[in-house]
Amino acid sequence: MLSAFPLALLALSVGVGATPDPTTINLTSRKINPSPRSPRDFRKRSLSTTDNIPLTDFFNGTDLQWFGNISMGTPPQMLTAIFDTGSSLLVIASTQCGVACSNQIQFNTSKSSTFRDGGENGTVAFATGLGVKPVESDSELVLNLRSGSDHVRIGEFDAGNTSLFTITDQTPEMNQDFFSGISGMSPDPDGLLKGLINEGMPPVFSFYLTPQAIGHAEMTLGGIDHSKVKGDLVYAQLSNNSDFQGSWQLSSTQISVNGKTSSALNVSRTFIVDTGTSNILMDPQAAEAVYSIISPDIKPKANLTGAFGIPCDKISTLTAEINITLTSTDGKSFNVTIPSSELSVGPFADEPSLCQTVINAFEGLNIIGASALKHYYSVFDVGQQRVGFAPNGH
Ligand SMILES: *[C@@H]1O[C@H](CO)[C@@H](O)[C@H](O)[C@H]1NC(C)=O
Ligand SMILES: *[C@@H]1O[C@H](CO)[C@@H](O)[C@H](O)[C@H]1NC(C)=O
Ligand SMILES: *[C@@H]1O[C@H](CO)[C@@H](O)[C@H](O)[C@H]1NC(C)=O
Ligand SMILES: *[C@@H]1O[C@H](CO)[C@@H](O)[C@H](O)[C@H]1NC(C)=O
Ligand SMILES: *[C@@H]1O[C@H](CO)[C@@H](O)[C@H](O)[C@H]1NC(C)=O
Ligand SMILES: *[C@@H]1O[C@H](CO)[C@@H](O)[C@H](O)[C@H]1NC(C)=O
Ligand SMILES: *[C@@H]1O[C@H](CO)[C@@H](O)[C@H](O)[C@H]1NC(C)=O
Ligand SMILES: *[C@@H]1O[C@H](CO)[C@@H](O)[C@H](O)[C@H]1NC(C)=O
Ligand SMILES: *[C@@H]1O[C@H](CO)[C@@H](O)[C@H](O)[C@H]1NC(C)=O
Ligand SMILES: *[C@@H]1O[C@H](CO)[C@@H](O)[C@H](O)[C@H]1NC(C)=O
Ligand SMILES: *[C@@H]1O[C@H](CO)[C@@H](O)[C@H](O)[C@H]1NC(C)=O
């Protein structure tokens, strides 16, 4: 009973203006001062240095994405967003979107005395996380946006007057999501994250993304919830691949499966750590090399470029421990492990005897998504431009 369509929420481009020759908004904003105000000022307003935000698992046969509450406007309107390390902007469905956003709670800007229209139209296209329904073209996951600003709050934290985009229209694929919007959490902060840091929040946030059966998923703003860390926290410095500027990119030295590697896998690659993508993405050569080690029965799914499958009755017998080798800030190798239990994403909706496998092939893109992050406590350190991983005890 599964129709997973994990959306990869990696923004490809933002064009401004509905004119024939759109310009591009620079996604790589200027580096911001990590603490323009002292953390003490912030504590006075928030009563704590960190704030744990409970997250709900969007589960449909498999864990897809995790979302939480945010509020916008004066008086506050309660909305939901996923917290997406794969993109940067704060985008939220507005009542202007109407039926095109029928599954989303919509922000009514007319009801907010602090909303200000920014006067710019734009579009944002998302790349794909490829569930059972990979999206090859970036025309399927598109939002029409209108710039603006308003007062945004999350948990006990107040981001003050925050730059945002309202969704005024979207492609039907995007209406599958029933959360109101996406809060981009890139290492070059914008939107909510930038607002929080400007208000004095320590520039770090962490995720405890759990499978549905475990629950209690949370995001911690301003620090680390050490009660969720069940071992050593190991950090990797962000790498400098210019193709992926402004993303949580890490350099990997090797991929291996069940302890084996191959010439296609024992090479350096850039992986993006993306809480908004459910599966694992690898460039096609790597995906095929990994699958060739696991089983010859894993084959590309017809008509769904990038997706692979295997008869469901064969999948439970397979061993497929995938290790992505990274380098820690002290120069040692460490692995992010995707256990065998993640290999099956569940049956394809149009072919229920065939189960999708966890790695999707995508030209030029490698993503460590939720299938790996579920097994770690992950720390996104904006101030020191690094990502930390620790066992989370499940
Ligand atoms: C969940 O999957 C089912 C079966 O494929 C599909 O019909 C349904 O629309 C999905 N629900 C959501 C909320 O995505
Ligand atoms: C911007 O989008 C709105 C619809 O949300 C439309 O009414 C308006 O004409 C657009 N403006 C420009 C300059 O394209
Ligand atoms: C975008 O970046 C380019 C190159 O850094 C710069 O020339 C341009 O002025 C920027 N545009 C805006 C709108 O900030
Ligand atoms: C969001 O807030 C509503 C009440 O407004 C609450 O019922 C719900 O549990 C909250 N969701 C999360 C994930 O905290
Ligand atoms: C938005 O709020 C305005 C002002 O209260 C109201 O007139 C309008 O009907 C609301 N729109 C929707 C779609 O609820
Ligand atoms: C919020 O900030 C924007 C951009 O700086 C500004 O245009 C707007 O007037 C501010 N809003 C309020 C309510 O002051
Ligand atoms: C990336 O570039 C910056 C500035 O040139 C440098 O300080 C940093 O050490 C580099 N990081 C890596 C991982 O190479
Ligand atoms: C990482 O995984 C590889 C292959 O599975 C293994 O050879 C290596 O020892 C592991 N590294 C560490 C530090 O455990
Ligand atoms: C994968 O990496 C982990 C952690 O470094 C290690 O314990 C494990 O043995 C590796 N798996 C294989 C199959 O080598
Ligand atoms: C991987 O490649 C490096 C050189 O880049 C080599 O030193 C190492 O032996 C190779 N490892 C395996 C397991 O093939
Ligand atoms: C899948 O591909 C086959 C052969 O190319 C074609 O006949 C069929 O219509 C396609 N199915 C879909 C759902 O696109």
Side-chain angles (χ1 to χ4, degrees), residues 51-59 63-83 92-102 104-115 117 148 150 153-157 166-169 177-181 183 207-210 212 214-221 231-232 234-236 250 252-262 265-267 269 271 286 289-290 293-294 319-340 368 372 375-376 389-391:
D51 195 4
N52 293 338
I53 310 301
L55 301 177
T56 299
D57 188 351
F58 173 18
F59 180 91
D63 304 295
L64 294 174
Q65 286 158 333
W66 290 260
F67 60 95
N69 288 334
I70 62 174
S71 87
M72 276 185 192
T74 311
Q77 296 177 40
M78 187 64 90
L79 301 155
T80 55
I82 71 152
F83 301 97
I92 207 87
S94 80
T95 50
Q96 268 180 296
C97 187
V99 291
C101 295
S102 58
Q104 282 109 40
I105 300 168
Q106 300 167 353
F107 177 45
N108 187 342
T109 58
S110 313
K111 283 205 164 108
S112 171
S113 62
T114 43
F115 177 78
D117 180 34
D150 207 341
R153 296 173 194 79
I154 178 165
E156 293 175 29
F157 281 3
T166 54
I167 301 168
T168 55
D169 197 7
D177 294 335
F178 55 85
F179 36 81
S180 311
S183 175
F207 283 95
Y208 177 62
L209 298 178
T210 53
Q212 190 202 39
I214 288 170
H216 306 293
E218 71 173 28
M219 171 175 68
T220 295
L221 290 169
D232 293 335
V234 181
Y235 287 95
L250 301 177
S252 157
T253 51
Q254 177 177 288
I255 300 167
S256 45
V257 189
N258 300 331
K260 297 191 196 78
T261 188
S262 66
L265 296 177
N266 184 24
V267 291
R269 297 197 154 70
F271 271 91
V290 167
I293 295 175
I294 302 171
T319 305
E321 185 169 284
I322 300 163
N323 275 350
I324 297 170
T325 305
L326 304 172
T327 306
S328 70
T329 45
D330 58 6
K332 297 197 179 87
S333 284
F334 72 101
N335 293 319
V336 165
T337 302
I338 303 143
S340 287
I368 294 176
H375 301 278
Y376 292 88
F389 297 90

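First listed ligand is number 1; within each ligand, the first listed atom is number 1.
In terms of polar-atom proximity, defined here as any N/O pair under 3.5 Å, N335 does make such a contact with ligand 8. An N or O contact shorter than 3.5 Å links N323 to ligand 8 by distance.
Taken to the nearest 0.5 Å, the NE2 atom of H216 stands 12.5 Å off from the CG atom of L55.
Which parts of ligand 4 touch N69 is read off a 4.0 Å heavy-atom cut-off, strictly below it: atoms 1 (C), 2 (O), 3 (C), 8 (C), 10 (C), 11 (N), 12 (C), 14 (O). Atoms of ligand 8 lying under 4.0 Å from at least one heavy atom of S256, given by number and element, are 3 (C), 4 (C), 5 (O). Near N108, the atoms of ligand 5 lying under 4.0 angstrom from a non-hydrogen atom of the residue are 1 (C), 2 (O), 3 (C), 8 (C), 10 (C), 11 (N), 12 (C), 14 (O).
Within a 4.0 Å radius of atom 12 (C) of ligand 4, the protein has at least one heavy atom. Remark: atom 5 (O) of ligand 5 lies closer than 4.0 Å to at least one protein heavy atom. The presence of a protein heavy atom under 4.0 Å from atom 2 (O) of ligand 4 is confirmed. Within a 4.0 Å radius of atom 9 (O) of ligand 8, the protein contributes no non-hydrogen atoms.
The two residues N52 and P54 come nearest to each other via the heavy atoms O-CD, 3.6 Å. The two residues I53 and L221 make their nearest non-hydrogen contact at CG1-CD1, 3.9 Å.
Under a 3.5 Å cut-off, the side chain of W66 and the backbone N or O of M219 do not form any donor-acceptor pair. Side chain of T80 to backbone of S180: a donor-acceptor contact under 3.5 angstrom is found. Using modelled atom types, no side-chain atom of T74 and backbone atom of S112 make a donor-acceptor pair closer than 3.5 Å.
Between the side chains of E218 and T220, at least one donor N or O lies within less than 3.5 Å of an accepting N or O.
When heavy-atom distances to ligand 8 are checked against a 4.0 Å cut-off, S333 comes that close only through its backbone atoms N, CA, C and O.
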